[in-house]
There are 2 protein chains.
Amino acid sequence: MRIFVLRTFMKTIKVNRGQVLQRPGDLNSKFYEVKSGLLRSYTIDDKGKEHIFMFASEDWIMADNVGPNTPAEMFIDALEDSELNQREKTEKVEPENEKLIRRIAVLQKRVIMLMSASGIERYEHFVKTYPNIVQRVPQKMIASYLGITPEALSTVKKQRLSEK
Amino acid sequence: MRIFVLRTFMKTIKVNRGQVLQRPGDLNSKFYEVKSGLLRSYTIDDKGKEHIFMFASEDWIMADNVGPNTPAEMFIDALEDSELNQREKTEKVEPENEKLIRRIAVLQKRVIMLMSASGIERYEHFVKTYPNIVQRVPQKMIASYLGITPEALSTVKKQRLSEK
DNA sequence: GCTACGCATTAATGTAGATTAAGAAATGAA
DNA sequence: TTCATTTCTTAATCTACATTAATGCGTAGC
């Protein structure tokens with residue numbers, strides 16, 4: 001039993017192989033439930049390289065995990081002719097859900113960083129995002145979080161410093 | 001307004017720096033809301049190397065994202081003396097939440113794999129987990145999902161094959 | 001049936017970061 | 001404060017994977 005009556009503007013749509021459903025920067029507040037076919041989401045980094053974030057086949061949900069009315073981070077397109085249920089992200093969400101969605105957004109960013117950014121770039125992103133954590137834990141734990149060795153972090157930090 | 005009255009056996013606890021709250025394999029069905037202090041979760045790979053999955057400071061929630069009554073994947077310990085609200089994962093969850101939690105579990109696994117497994121190991125895990133996807137997309141997209149180049153995947157697959 | 005384009009494979013070479021090791025600095029316990 | 005332990009830095013060497021490039025293959029379109 002649900003308490004919120006969701007005014008869900010659900011629409012069933014058919015898309016062809018190759019069709020793009022979302023581009024980075026779009027204020028697309030939709031997500032897609034795959035009834036048949038196959039979708040993919042991916043980013044393109046500064047070097048022009050594609051990084052696939054996820055595939056979604058039958059019964060999976062495909063969404064760019066950013067809030068509604070936040071510019072999209074990723075491309076979404078169809079790898080096969082597909083049939084989808086399209087819904088709005090703006091459906092009322094409970095506060096409990098909101099926390100989970102925020103956690104998914106953090107993890108999405110983390111995966112993208114791990115796949116497309118160098119050690120020093122991940123470090124700089126971390127420092128910007130969690131400045132308070134940086135001051136409270138030893139360097140080697142930050143290295144461990146970033147997926148590099150403390151030695152590499154030390155070396156790479158010095159290099160970056162001397163460049164400025 | 002919530003419809004489910006959650007019988008939440010919430011308990012406020014204090015832990016000292018260094019104290020371990022959870023070990024891999026534990027059937028620990030608890031999660032922790034950090035009131036003060038700092039927690040960390042991490043795995044140890046086959047080579048004995050630590051990989052920090054997340055830090056949780058004030059107002060963050062620390063949880064090993066596996067279902068209740070599923071053996072834990074990670075260590076959780078305190079990096080500072082901390083005060084925590086401890087709750088049970090077994091609180092009633094809505095089906096909507098359940099989907100989100102499953103997605104978080106998938107992402108958690110993905111991050112751990114990216115940090116601690118080699119390309120070929122990630123490939124083998126992917127094939128085992130999504131055998132149907134493997135057959136439906138070109139190799140180069142699987143490589144992109146895994147975070148390696150198609151060339152590397154091709155080479156490494158051949159090596160593995162000749163070893164068997 | 002061709003033709004062309006995307007895909008897979010292979011090999012040569014390059015590089016970010018791992019590993020190892022040793023000394024310096026910081027931190028914590030007594 | 002002192003001693004011991006952990007953490008950080010630096011440097012030399014090593015390795016997994018990236019890059020580049022060339023070749024052959026499969027398949028969709030003509």
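Chain letters run A, B, ... following the sequence lines, proteins first, then strands; residues in each count from 1.
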Item checked: Any K49(B) side-chain nitrogen or oxygen under 4.0 Å from OP1 or OP2 of dT19(C) -> yes

Checklist line | Closest-nucleotide ordering on DNA chain C, the 5'-leading residue of R17(B) and A117(A) | finding: A117(A)

Note to self: Could you tell me if the side chain of L39(A) sits less than 4.5 Å from the side chain of M54(A), heavy atoms only?
What the structure shows: no

Item checked: For atom NZ of K157(A) and atom C1' of dC8(D), their distance in whole Å -> 9 Å

Check: Closest to the S154(A) side chain: dC7(C), dA18(C), dT9(D)?
Finding: dT9(D)

Checklist line | Nearest-angstrom distance from the residue atom CE of M115(B) to P of dA18(C) | finding: 12 Å

Notebook entry, point to check: Just checking, any donor-acceptor pair under 3.5 angstrom between side chains of Q108(B) and E73(B)?
Noted result: yes

Next item on the list: Find which nucleotide of DNA chain D each of V137(A) and K47(A) is nearest to by heavy atoms, and output the residue with the more 5' nucleotide.
Entry: V137(A)

Check: Between L153(A) (CG) and dA16(C) (P), how many Å, whole number?
Finding: 16 Å

Check: Is it true that the side chains of S29(B) and E88(B) contain a donor and an acceptor less than 3.5 Å apart?
Finding: yes

Notebook entry, point to check: What nucleotide, of dA18(D), dA18(C), dA11(C), holds the atom closest to the side chain of I148(B)?
Noted result: dA18(D)

Note to self: Just the rounded figure in Å: distance from P of dG28(C) to CG of L79(B).
What the structure shows: 13 Å

Check: Is G147(B) touching bases, backbone alone, or none of the nucleic acid, heavy atoms closer than 4.0 Å?
Finding: sugar-phosphate

Item checked: Atom-to-atom span, CD of Q139(A) to C1' of dT27(C) - whole angstrom -> 15 Å

Note to self: Less than 4.0 angstrom between a side-chain N/O of T149(A) and OP1 or OP2 of dA18(C), yes or no?
What the structure shows: yes

Notebook entry, point to check: Cation over ring, R110(B) on F53(A), under 6.0 Å and within 45°?
Noted result: yes

Next item on the list: To the nearest Å, give me how far apart NZ (K140(B)) and C1' (dC25(D)) are.
Entry: 16 Å

Check: How would you label the contact of S118(B) with the nucleic acid (heavy atoms, under 4.0 Å): base, sugar-phosphate, or nothing?
Finding: sugar-phosphate

Check: To the side chain of E151(A), which of dT9(C), dC8(D), dT19(C) is closest?
Finding: dT19(C)

Next item on the list: Just compare dA11(C), dT19(D), dC8(D) and give me whichever is closest to any side-chain atom of K158(B).
Entry: dA11(C)

Notebook entry, point to check: When you measure from the side chain of A152(A), which nucleotide among dA8(C), dC8(D), dA18(C) comes out closest?
Noted result: dA18(C)

Margin query: Distance check needed: dA18(D) C1' versus H51(A) NE2, whole Å only.
Written below: 12 Å

Note to self: Can you confirm whether or not the ring centre of F55(A) sits under 6.0 Å from the ring centre of Y145(B)?
What the structure shows: yes

Note to self: Without decimals, in angstroms, what is the distance between N16(B) CG and dG28(C) P?
What the structure shows: 15 Å

